[in-house]
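Since the structure comes first, as structure tokens, the remarks are kept for the end.
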Number of protein chains: 2
Amino acid sequence: MSDGTGRGQNLLFLTDEQLRQGSEAMFFAYRGFTADPDRILADLSYGRAHHRAIHFIHRSEGTTVNNLLAILGVTKQSLNRVLRTLIDDGLVESKVGTKDKRERHLFLTEKGAKLEQELSSSQRQRMRKAFRDAGPEAVHGFRQVLESMMDDDLRSLYKSIKDFE
Amino acid sequence: MSDGTGRGQNLLFLTDEQLRQGSEAMFFAYRGFTADPDRILADLSYGRAHHRAIHFIHRSEGTTVNNLLAILGVTKQSLNRVLRTLIDDGLVESKVGTKDKRERHLFLTEKGAKLEQELSSSQRQRMRKAFRDAGPEAVHGFRQVLESMMDDDLRSLYKSIKDFE
DNA sequence: TAGGATAAGTCAGCGTTGTTGACATTCCAA
DNA sequence: TTGGAATGTCAACAACGCTGACTTATCCTA
């Protein structure tokens, strides 16, 4: 795993203070990251769980409940509650699988797609500003560190859906 | 704010796909970020709120309740519930202010400091690995992007406590 | 010194979102 | 045809946000 530059980055000395600042940066930044969608969701008496479900149904149209469970990392009971309200409210459609009829394939309705747009565009706006302010090299580093911070199984999941399109 | 390189980084074109990948990286990385402390906390029937309180009391020993409220961004009722259990369990000590007797100054007990160490060291371990794997330039970019992503008031707060020591 | 402001704590109630456990239904595949 | 997988549902519970109302103690200022 040597980087071959001779700068010894694998031996990089990191103080507890530097690492603590990294943790706090994550904490405060995540607050900002979720702030804009949270405001929109509050008016609809939805929460982040609804947002996450909507996001991943949009990005993987027709995904199954089981697949969604793996991505979101929650119990089926927890997801089911969220999914049921979204279906009842006419934002998500659940279609029985054709090949395997046990499976349910999830889709956003027009109404659901509209909310997804609203949520993601508010979040993208902040992300775009942050990316532009920090510059391309910083963005590259940002993504490198985040990837390294993931659990192994989540990283493979992330990478597998990252280049889906 | 021109970077002077002539590459026009302020006009950086960012596709929705790139921004979405940034969002998803934040989502999956934050899961990893909290995973290790979460496991420790679960055994003690504590949650993330307890961790956050312990963290910021440790880093700003003797802080007041009001100050902690501002940092954590929750209501006084919500913090009070967490603080009460921590005090009852002998992890946190609350001392009446000497200058202003209305204030309560918060300290970790020996027991509290021990748990703090356990929590922060598990989180630091992951952060250290991520920082080393990604390298110093990446770490710099990581922090730049996270800072840009914060709300203005949280960024000033973050910066003000960042260089406290 | 009286009265308003501030810091903290408390009670009651509610909502979202996570958990476990138990159980029914449907359907595919060996 | 039977076992297991996928799904859905019910109940109960816990963590942790929230609002609103209220008390107590203290401080500061007019």
Completion exercise
Whichever of His105(B) and Asp100(A) has the more 5' nearest nucleotide on DNA chain C, that residue is His105(B)
[X] side chain, from C-beta outward: closest of [options]:
X	options	answer
Val65(A)	dT17(C), dT7(D), dT9(D)	dT7(D)
Thr64(B)	dT20(C), dT9(D), dA8(C)	dA8(C)
Arg52(A)	dG9(C), dT7(D), dT17(C)	dT17(C)
Ser78(B)	dC16(D), dA15(D), dT7(D)	dC16(D)
Lys101(B)	dG18(C), dC27(D), dG17(D)	dC27(D)
Glu103(A)	dT9(D), dG18(C), dA6(D)	dA6(D)
Thr75(A)	dT26(D), dT20(C), dT7(D)	dT20(C)

Exercise for the section: May I ask whether Leu69(A) and Phe107(A) are part of the same hydrophobic cluster, defined by side-chain heavy atoms of I, L, V, M, F, W, Y residues being less than 4.5 angstrom apart, directly or through others? Expected result: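 In one cluster: no.
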When you measure only distances, ignoring hydrogens and angles, does the side chain of [X] come within 3.5 Å of the base of [N] through a donor and an acceptor?
X	N	value
Arg81(B)	dG9(C)	no
Gln77(A)	dG21(C)	yes
Arg102(B)	dT6(C)	yes

Problem - Ring centroid separation Tyr30(B) to Phe27(A) under 6.0 Å - result: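 Ring-ring flag for Tyr30(B)/Phe27(A): false, centres at least 6.0 Å apart.
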Exercise for the section: May I ask you to check whether Phe33(B) and Phe28(B) place their ring centres under 6.0 Å from each other? Expected result: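 That pair fails the under 6.0 Å test.
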Exercise for the section: Scan Arg48(A), His51(A), Arg39(A), Arg126(A) and name whichever one has a side chain to side chain donor-acceptor pair (under 3.5 Å) with Thr34(A). Expected result: Arg48(A)
Exercise for the section: Give the rounded distance in Å between these two atoms: CZ of Arg48(B) and P of dG18(C). Expected result: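 After rounding, the gap between these two atoms is 10 Å.
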